[in-house]
Every structure is written in structure tokens, then in C-alpha cells.
Amino acid sequence: MGNCLSCCSRKGTDEPYEPLLADREREAVADLLSFLENRNEVDFYSAEPLRALTILAYSDNIDLQRSAALAFAEITEKDVREIDRDTIEPVLFLLQSPDAEIQRAASVALGNLAVNPENKALVVRLNGLELLIRQMMSPHVEVQCNAVGCITNLATLDENKSKIAHSGALGPLTRLAKSKDIRVQRNATGALLNMTHSKENRQQLVNAGTIPVLVSLLPSTDTDVQYYCTTAISNIAVDAEHRKRLAQSEPKLVQLLIQLMESATPKVQCQAALALRNLASDERYQIEIVQSNGLPSLLRLLKSSYLPLILASVACIRNISIHPLNESPIIDAGFLRPLVDLLSCTENEEIQCHTISTLRNLAASSERNKRAIIEANAVQKLKDLVLDAPVNVQSEMTACLAVLALSDEFKPYLLNSGICNVLIPLTNSPSIEVQGNSAAALGNLSSNVADYSQFIECWESPAGGIHNYLARFLASEDTTFAHIAAWTIVQLLDSKVLRLKNLLRSSEDIIQLLNEIVSRDVSTIEYEDGEGDVILLAGRALHLIDQSTES
């Protein structure tokens with residue numbers, strides 16, 4: 001610091017001359033040296049120290065400006081706090097200097113100050129972006145690096161993101177992402193990543209030609225660059241129009257992301273799987289990931305002990321499993337046992353939701369797959385967990401049970417497992433979805449089974465039993481609920497099990513509710529979709545009850 005404050009000698013003479021400094025500048029130099037000698041005790045943002053720094057910053061003497069810039073850089077590295085425009089303006093002034101050393105130190109200071117959220121907003125309000133964009137175009141790598149790092153900090157504030165996107169900064173940032181200097185690359189890709197958190201800004205990035213650059217940097221040997229680029233691509237892939245563009249212009253993207261799932265760095269592995277998850281929102285990518293041999297890497301992450309990796313993997317598999325052609329490959333790749341084990345991951349609700357949703361998808365279109373899921377002990381796990389699970393998990397679990405209950409082959413197994421004992425209480429859940437899924441599962445189980453003993457045993461309990469559930473759903477204003485109940489009653493009556501018919505015939509509340517449905521005047525009431533079917537089903541149920549009475 002002392003060298004920067006030293007005086008100059010007159011060129012072309014043998015004799016030294018007195019420094020051409022104004023009195024106030026001379027005083028400021030002396031004051032600053034004194035403050036720096038006691039730097040641990042001095043508040044440089046207070047009146048006198050800041051006045052000395054400001055005088056030197058606005059000096060015409062380049063050495064004094066350098067001293068001020070370096071002092072600001074050192075001070076702000078050790079003491080970052082919210083400051084006002086009187087502190088930032090001298091730094092912004094120094095940033096406009098043609099001297100590379102002053103630019104470098106001033107951009108360091110500004111980057112340090114921009115760690116504070118209030119300062120981030122102030123820098124942008126004082127037109128700091130325009131100055132930083134100019135510095136990004138500097139031929140000096142250090143200046144580029146610091147300017148980009150400052151923009152990276154500014155871009156972490158939501159209110160700044162749109163301003164940066166429209167400031168003309170994205171073009172220089174994209175160019176500097178390809179810099180040969182790894183520090184500049186890191187800062188530039190980090191800044192681009194920070195800009196991907198809103199749809200509007202993602203569109204601006206795409207327009208600036210950022211996608212090819214991000215994809216080209218995925219094989220980087222620097223893990224930070226890999227992480228920033230992978231995460232940015234993951235965020236861009238949230239939007240359907242951008243996924244379409246990626247599919248058209250980046251044929252190697254899926255393979256590159258699969259390779260990154262084999263990275264030695266967990267955060268890169270995690271973001272690669274999440275990027276694939278977002279891509280797999282589209283049918284094309286669901287197929288491509290499987291065809292590109294992505295399942296082994298996803299399975300390895302799924303079996304890890306690190307929750308973020310497990311979550312990223314199971315979220316990706318969940319999306320991939322949506323495509324019917326992927327159901328058997330996923331099962332054949334060995335996912336079932338690990339997925340069933342993850343049902344017990346009670347410390348992470350999101351993992352549970354993705355896991356059970358995946359199992360439901362895998363069971364959707366194949367009896368073979370349903371059998372494999374049941375043989376993996378999934379039903380017993382669901383039965384043990386569902387009553388105490390969070391509501392979102394309950395919704396997914398009951399939806400899966402409803403799908404499994406569609407299979408005539410496995411209905412006896414489900415009934416004998418005691419699944420009715422958990423489904424019946426859940427028909428009275430606070431969640432409409434859980435209620436509906438549980439009732440749908442019971443309705444599916446009531447059709448075409450040889451043994452209805454479980455329905456008889458559960459007629460009055462638990463939680464009021466089948467009887468209470470049917471009455472509540474018949475009385476519901478939700479047409480779908482009333483439809484499920486009426487249809488279930490018809491299935492139970494069609495079973496020709498005398499005990500069931502007698503139970504229904506003696507249920508005065510159910511018969512009354514059925515009569516009320518049938519008596520609705522279809523000529524004067526505008527019915528919702530499906531309400532006419534409910535009336536027909538209720539009439540069919542009453543007819544079957546009358547038949548049993550006559551017999």
C-alpha cells in the first residue's frame with residue numbers, strides 16, 4: 001500500500017520536485033496511512049476514513065487512484081455490510097478508469113460489496129451494470145474475471161435478474177464462458193446459472209445463444225464449471241419450448257448427462273440426474289434416456305446412501321416410468337427391490353412420493369409388472385406405512401393400490417393381506433384425493449372376486465366400516481364419490497352373496513340415500529357430468545335389493 005502512495009519524480013531533470021498534490025490530497029494521503037496503520041480499529045465506512053478514500057478516488061493523480069482502489073479492495077474483503085451511495089459511487093468512478101490495475105481493484109471491491117443483498121440492488125440502481133459490461137470486454141483477464149464475478153453476485157438477487165437479462169450482459173457472459181482462463185469460465189457459467197431461475201430470463205439466455213455453450217462445457221475437467229452448466233441446463237429444461245429446442249439442436253446432450261452421473265463429484269451427479277429428470281418430462285426423452293443406457297447409472301445413484309442423489313435419481317425414474325414402453329426395462333434393470341425399500345424413507349417425503357408414483361406407473365399396463373411389484377413385497381409395505389404417512393404420500397400410495405386392485409388375478413391376495421383395514425379409514429381422510437383413491441381401490445376390489453368375506457368382516461369396522469363409507473359417499477355432493485359408492489354397491493349385490501345382500505337390505509340409511517338419488521328430477525335440474533350415471537346405478541342397486549327381498 002505504501003508503494004502506491006509514494007510520490008512521483010519529474011522526468012527529464014536530475015532534481016526531485018515536490019509532488020503535485022493539492023493540500024486536501026496531501027492530507028488525505030496522511031490520514032489514510034494513519035488509518036491503515038490502525039486498520040483493525042478503524043471503521044473505513046465512517047466519515048473521516050471514507051472522506052480520505054473519496055478524495056483519493058476522485059484525484060487526477062493515477063497513483064492516488066490506485067491507492068484508493070486497492071484500499072477499497074482490502075477493506076471490503078474484510079468488512080462487508082450494507083452501505084450507502086457515498087461509499088459505492090467512488091468505487092464506480094474508479095471502475096471507469098483506463099488503468100487496468102485500478103479497474104481490477106475496483107471490480108474486486110464492488111464484487112465484495114455485492115455480497116450484501118441491499119448493496120446488490122444499490123449497485124444496479126447506480127448503473128453499475130453498464131460499467132461491469134464494459135469491464136467484461138477488457139483485454140485483461142483479471143479485469144474480466146472480477147467483473148464477471150461481480151455480476152454473478154448481483155444476479156443472486158431476484159430483482160436484479162431481469163435487469164441483467166435486459167442490460168446487454170448476456171452476450172459478453174456467454175462469450176466469456178468459453179474463456180481459456182478457468183477462473184473466468186467459472187464466474188461466467190456461475191452468472192449464467194444465476195440467470196436461469198425465471199422463465200423470462202431463461203428465454204433471454206436462449207436468445208443469446210447460451211445453450212450450445214453450456215452443452216459444450218459439460219465435458220469440462222473443472223467440476224465447478226460442470227456443476228454450473230449442468231444445473232443451468234436443468235433449469236432451462238423446465239420449459240417445454242426449450243426442451244424442444246434442446247432436442248433439435250443438442251443430439252449428444254442425454255449421453256453427456258449420463259456420463260456426468262458417473263462423475264466423482266456428488267453435486268455434479270445429482271444435477272445430471274435432475275437435468276435428465278426435467279428432460280424426461282417429454283416422451284421423446286423418456287425413451288432416449290433408456291435407449292442410451294441411462295438406467296444403470298440411475299440405479300447406482302438410487303442405491304447410494306446420500307439423500308440428494310437418491311432423490312434426484314428416483315425423481316428421474318419417476319418421469320421415465322411414465323412411458324409404457326419403459327415399464328418392463330425398468331423392472332428388468334433391477335429397480336423394484338430398491339424402490340420398495342425406499343418406501344420406508346420416512347425422513348424424506350419427496351423421495352417417498354416419487355417412489356410410490358414410480359411403482360404405480362410400472363403397474364399401469366401389465367399384469368406381469370403387477371405381479372413383480374407384489375412379489376417385491378410392495379403391498380405389505382404399503383399396508384404398514386400408509387396410515388401414518390404424510391397426506392401427499394398417502395395420496396400416491398392409495399392411487400397405487402387402486403391400480404393394483406384392477407387386476408382380477410391379484411384381488412384375492414390384496415383382500416387376504418387385510419388391505420381393507422387401512423383403505424376404509426382413509427375414505428374419511430381430510431384429503432379429497434386420498435378419500436377418492438381409497439374408495440376407488442375398494443370399488444375395484446369389490447368386482448369379480450370369489451371370496452367376499454373381507455367385505456362382510458369389515459362391514460361395521462374399522463372406522464365405521466364399509467357401511468359408513470358407502471353412506472358418506474352416497475351423501476356426497478361430489479358426483480364422482482357418489483358414483484363410486486353406487487357402483488360398489490352394485491358390485492356387492494351382483495356377487496349374489498346372501499350375507500352381503502342382507503347387510504345392504506338392512507341398511508336403512510343406504511336405501512334412503514339411494515332412493516333420494518333416484519328421485520331427483522332430471523327434467524328440472526341441470527346435472528353435472530356423470531350424474532345421470534349415478535341415478536342409473538342407484539336405480540340398479542335398488543332393483544337388486546328388491547330382488548333379494550323377493551327371494
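Excluded from the calculations below are hydrogen atoms, water molecules and symmetry mates; all remaining heavy atoms, backbone and side chain alike, are included.
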Q. Are Leu426 and Gln435 side-chain neighbours, meaning at least one heavy-atom pair lies under 4.5 Å?
A. no

Q: Would you sort out whether Leu336 and Leu359 count as a side chain to side chain contact (heavy atoms under 4.5 Å, CB included), showing the intermediate values?
A: CA-CA 8 Å; Leu336 276 187; Leu359 291 172; 3.7 Å; yes

**Q.** salt bridge (charged side-chain N to carboxylate O under 4.0 Å, His left out) partners of residues 236-248, not counting sequence neighbours, each pair once
**A.** Lys199-Glu241, Arg202-Asp239, Arg243-Asp282

For a quick test of your reading: what N or O donor-acceptor pairs under 3.5 Å do the side chains of residues 493-500 make, sequence neighbours left out?
residue	atom	partner	partner atom	Å
Asp494	OD1	Arg540	NH2	3.2
Ser495	OG	Leu492	O	2.4
Ser495	OG	Val497	N	3.3

Q.
Run Val340 and Phe335 through side chain to side chain contact (heavy atoms under 4.5 Å, CB included) and show every step you take.
A. CA-CA 9 Å; Val340 172; Phe335 277 86; over 6 Å; no

Q: Only pairs at least two apart or in different chains count here, so list each salt bridge (charged side-chain N to carboxylate O under 4.0 Å, His left out) that has a residue in residues 428-456.
A: none

Q.
Could you work out, with side chain to side chain donor-acceptor pair (under 3.5 Å) as the rule, every residue matching Asn444, not counting sequence neighbours?
A. none

Q.
Test side chain to side chain contact (heavy atoms under 4.5 Å, CB included) on Cys345 and Ile310; report intermediate values, then the result.
A. CA-CA 10 Å; Cys345 187; Ile310 297 170; 6.0 Å; no

Q: Could you tell me whether the side chain of Phe473 reaches within less than 4.5 Å of the side chain of Thr488, counting heavy atoms only?
A: no

Q | Closest non-hydrogen atom pair between Met261 and Ser297, with its separation | A | CE-CB, 3.6 Å

**Q.** Thr196 side, atom OG1; Leu214 side, atom CG - distance, nearest 0.5 Å
**A.** 8.5 Å

Q.
Taking side chain to side chain donor-acceptor pair (under 3.5 Å) as the definition, give me every residue that meets it alongside Ser407, ordered by chain and number, with sequence neighbours left out.
A. Glu367

Q. With Ser476, which residues qualify under side-chain contact (heavy atoms from CB on, under 4.5 Å), at least two apart?
A. Asp478, Phe481

Q) Should the ring pair Phe455 and Tyr452 be called parallel, tilted or perpendicular, given that the plane angle runs from 0 to 90° and is split at 30 and 60? A) tilted

Q. Would Lys411 and Ser447 count as a side chain to side chain contact (heavy atoms under 4.5 Å, CB included) if you check the C-alpha gap in whole Å, the side-chain angles of each, and the deciding distance to 0.1 Å?
A. CA-CA 9 Å; Lys411 287 176 184 179; Ser447 172; 3.8 Å; yes

Q. Does the side chain of Gln512 pick up a donor-acceptor pair with the side chain of Glu508 at under 3.5 Å?
A. no

Q.
Restricting to non-hydrogen atoms, name the atom on Asn437 and the atom on Ser395 that form the minimum distance, rounded to 0.1 Å.
A. ND2-O, 2.9 Å

(Q) Donor-acceptor pair, distance only, cut-off 3.5 Å: does the side chain of Thr230 make one with the backbone of Tyr227? (A) no

(Q) Working note: Asp384 + Gln380, criterion side chain to side chain donor-acceptor pair (under 3.5 Å); need CA distance, chi angles, decisive distance, verdict. (A) CA-CA 6 Å; Asp384 292 342; Gln380 189 59 47; 3.0 Å; yes

Q: Could you list the residues that satisfy side-chain contact (heavy atoms from CB on, under 4.5 Å) with Asn207, not counting sequence neighbours?
A: Gln203

Q) Can you tell me if Asn278 and Ser234 form a side-chain donor-acceptor pair at under 3.5 Å? A) yes

Q.
Asp509: which residues meet the side-chain contact (heavy atoms from CB on, under 4.5 Å) condition with it, sequence neighbours left out?
A. His467, Ala471, Ser507

Q. With sequence neighbours left out, which residue pairs that include part of residues 301-327 fulfil the salt bridge (charged side-chain N to carboxylate O under 4.0 Å, His left out) condition?
A. none

(Q) Distance alone, cut at 3.5 Å: any donor-acceptor contact between the side chains of Lys383 and Ser417? (A) no

Q | His197 side-chain N/O to Asn194 backbone N/O, donor-acceptor pair under 3.5 Å | A | yes

Q: For Asn116, enumerate each residue passing the side-chain contact (heavy atoms from CB on, under 4.5 Å) test, keeping only those at least two apart in sequence or located in another chain.
A: Val80, Glu82, Glu118, Asn119

(Q) Nearest 0.5 angstrom please: Asp341 CG to Thr355 OG1, how far? (A) 10.0 Å

**Q.** Stepwise salt bridge (Lys or Arg N to Asp or Glu O under 4.0 Å) check, Asp546 with Arg505
**A.** CA-CA 8 Å; Asp546 288 341; Arg505 184 177 59 192; over 6 Å; no

**Q.** Leu343 versus Gln352, closest heavy-atom pair with distance
**A.** O-NE2, 2.7 Å

Q | Residue Tyr413 excluded, over 12 heavy atoms near OH under 6.0 Å | A | yes

**Q.** Non-hydrogen atoms of Ala486 and Ala538 that approach each other most closely
**A.** CB-N, 4.3 Å

Q: Please name the pair of heavy atoms, one in Ala364 and one in Val403, separated by the smallest distance, quoted to 0.1 Å.
A: CA-CG1, 4.1 Å

Q: Answer whether the closest heavy-atom distance between the side chains of Ile373 and Leu339 falls below 4.5 Å.
A: no

Q: For His242, enumerate each residue passing the ring-ring contact (aromatic ring centres under 6.0 Å, His included) test, keeping only those at least two apart in sequence or located in another chain.
A: none

Q.
Under the criterion salt bridge (Lys or Arg N to Asp or Glu O under 4.0 Å), I'd like the reasoning laid out for Arg300 against Glu262: C-alpha separation, chi angles, the key distance, then a yes or no.
A. CA-CA 9 Å; Arg300 187 178 59 78; Glu262 299 300 323; 3.3 Å; yes

Q | Partner residues of Lys370 under the side chain to side chain donor-acceptor pair (under 3.5 Å) criterion, sequence neighbours left out | A | none

Q.
Would you say Asn361 and Thr358 are linked by a side-chain donor-acceptor pair, where the criterion is simply a distance under 3.5 Å?
A. no

Q: Please determine, by modelled atom types, if Thr265 and Thr223 share a side-chain donor-acceptor pair under 3.5 angstrom.
A: no

Q: Write down the atom of Thr210, the atom of Leu205, and the distance for their closest heavy-atom approach.
A: OG1-O, 2.9 Å

Q.
Tell me whether Lys120 is salt-bridged to Asp158, with the criterion being a basic N under 4.0 Å from an acidic carboxylate O.
A. no

